[in-house]
Participant: 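This structure is in structure tokens; I'll ask about it shortly.
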Amino acid sequence: DIQALVSSSSYTGSLTFTLSTKNAYGTTKTSSQKSVAVDLRVAPTASSITAVTGTYSIKGQEYFVINRRELQLSWTAAVDQNTGSSAGITYSVQVSVNNGAWSTEISDLTSPAYTYAPRSISSAQNIKFRIMAKTSYNMTSYSEASNTYTLHYYNPPVMSDLIVDRDVDKYALTWKCSKDSSLSNI
């Protein structure tokens, strides 16, 4: 039974058939072999990004501040359509910065979550994520791209060059205050 042979299979290769017939007089005739190339591998279902979290509160507003806090990504598990299971599926997290080409951040994850670690940037960046799911037999699917998130950097204001001018009956203080942030309203 060919259906039983190939159901829930990721077989790729060829199947060889030989047809034998027998007429009413008992004469048997056998055909030459015929091979048919088959590829029963199927891409897994596509994952879907369910959450991107990790905002940082500055003056009561929430921002993605990548030099201060990691981002947490989570997505739905892909399913191997040949086995009906998520077992054996690995994931890659891909990023696109400022609408550039997709690049792989990390590969071979076995669970549908990833921590995007804090990093140093020198200007605000718009970033999108997508997930590549891969079966054990190297068939892949891609999630839709996430929303675009703006990653900021923020370093609290720093006071420097403090000068104290003293007189007999008064003091004068001067200093420099500098900020280093992609958040203009801070």
Participant: Taking only residues two or more places apart in sequence or in another chain, which ones pass salt bridge (charged side-chain N to carboxylate O under 4.0 Å, His left out) with R119?
Facilitator: E105
Participant: What do you reckon, are the aromatic ring centroids of Y149 and F64 less than 6.0 Å apart?
Facilitator: yes
Participant: Please determine whether side-chain contact (heavy atoms from CB on, under 4.5 Å) holds for the pair T90 and L109, giving the CA-CA distance in whole Å, both sets of side-chain angles, and the decisive distance to 0.1 Å.
Facilitator: CA-CA 5 Å; T90 58; L109 298 171; over 6 Å; no
Participant: Is L19 reachable from V36 through a run of I, L, V, M, F, W or Y residues, each pair having side-chain heavy atoms under 4.5 Å apart?
Facilitator: no
Participant: So, T50 versus S74: side-chain donor-acceptor pair below 3.5 Å or not?
Facilitator: yes
Participant: Take the angle between the ring planes of Y154 and Y56 and call it parallel below 30°, perpendicular above 60°, tilted in between.
Facilitator: tilted
Participant: How about E70: does its CD atom have over 12 heavy atoms from other parts shown lying under 6.0 Å from it?
Facilitator: yes
Participant: T104 side chain to I106 main-chain N or O, any donor-acceptor pair under 3.5 Å?
Facilitator: no
Participant: Indicate every side-chain donor-acceptor pair of residues 122-135 with a distance under 3.5 Å to a residue at least two apart or in another chain.
Facilitator:
from, atom 1, to, atom 2, distance (Å)
N126, OD1, T150, OG1, 2.8
K128, NZ, N99, OD1, 3.2
R130, NE, Q94, OE1, 2.6
R130, NH2, Q94, OE1, 3.0
T135, OG1, Y137, N, 3.4
T135, OG1, N138, N, 3.4
T135, OG1, M139, N, 3.1

Participant: Counting only N and O atoms by type, is there a donor-acceptor contact under 3.5 Å from the side chain of S136 to the main-chain atoms of G88?
Facilitator: no
Participant: Verify, without hydrogens or angle tests, whether Y91 (side chain) and S47 (backbone) share a donor-acceptor contact under 3.5 angstrom.
Facilitator: no
Participant: If I compare all heavy atoms of N67 with all of N155, which pair ends up nearest, and what's the gap?
Facilitator: ND2-OD1, 3.1 Å
Participant: Write out all pairs satisfying salt bridge (charged side-chain N to carboxylate O under 4.0 Å, His left out) with one or both partners inside residues 79-94, taking only residues at least two apart or from two chains.
Facilitator: none
Participant: Indicate the atoms forming the closest heavy-atom contact of I121 with L151, along with that distance.
Facilitator: CD1-O, 3.7 Å
Participant: Where do S20 and T30 come nearest, in terms of heavy atoms and distance?
Facilitator: OG-OG1, 3.5 Å
Participant: Stepwise, does the side chain to side chain donor-acceptor pair (under 3.5 Å) test hold for Q72 with T115?
Facilitator: CA-CA 5 Å; Q72 300 289 329; T115 299; 3.0 Å; yes
Participant: Calculate, to the nearest 0.5 Å, the distance between atoms NE2 and OG1 belonging to H152 and T55 respectively.
Facilitator: 11.5 Å
Participant: Taking salt bridge (charged side-chain N to carboxylate O under 4.0 Å, His left out) as the definition, give me every residue that meets it alongside K170, ordered by chain and number, with sequence neighbours left out.
Facilitator: none
Participant: With sequence neighbours excluded, tell me which residues meet ring pair (Phe, Tyr, Trp, His ring centres under 6.0 Å) with Y114.
Facilitator: none
Participant: Are V79 and I89 co-members of a hydrophobic cluster defined by side-chain heavy atoms under 4.5 Å apart?
Facilitator: no
Participant: Considering non-hydrogen atoms only, spot the tightest contact between P44 and T140 and give its length.
Facilitator: CD-C, 4.0 Å
Participant: What is the distance from atom OG of S31 to atom CZ of F17, rounded to the nearest 0.5 Å?
Facilitator: 11.0 Å
Participant: Can you list, pair by pair, the side-chain donor-acceptor contacts under 3.5 Å of residues 156-169, counting residues two or more places apart and other chains?
Facilitator:
from, atom 1, to, atom 2, distance (Å)
D161, OD2, K176, NZ, 3.3

Participant: Quick one, Y153 with D180, criterion side-chain contact (heavy atoms from CB on, under 4.5 Å). Give me CA distance, side-chain angles, the key distance, then yes/no.
Facilitator: CA-CA 8 Å; Y153 69 97; D180 182 24; 3.1 Å; yes
Participant: Which heavy atom in S146 sits nearest to a heavy atom in I49, and how many Å separate them?
Facilitator: CB-CD1, 3.7 Å
Participant: So, for S96 and G100, which heavy atoms are closest and what is the spacing to 0.1 Å?
Facilitator: OG-O, 2.7 Å
Participant: Scan side-chain atoms only and decide if Q33 and T16 contain a donor-acceptor pair under the 3.5 Å cut-off.
Facilitator: no
Participant: Under a 4.5 Å cut-off applied to non-hydrogen side-chain atoms, are W75 and V93 in contact?
Facilitator: yes
Participant: Between atom CD1 of I66 and atom OG of S120, what is the distance when rounded to the nearest 0.5 Å?
Facilitator: 10.5 Å
Participant: Hydrophobic clustering (ILVMFWY, side-chain heavy atoms < 4.5 Å, transitive) - are V97 and Y63 grouped together?
Facilitator: no
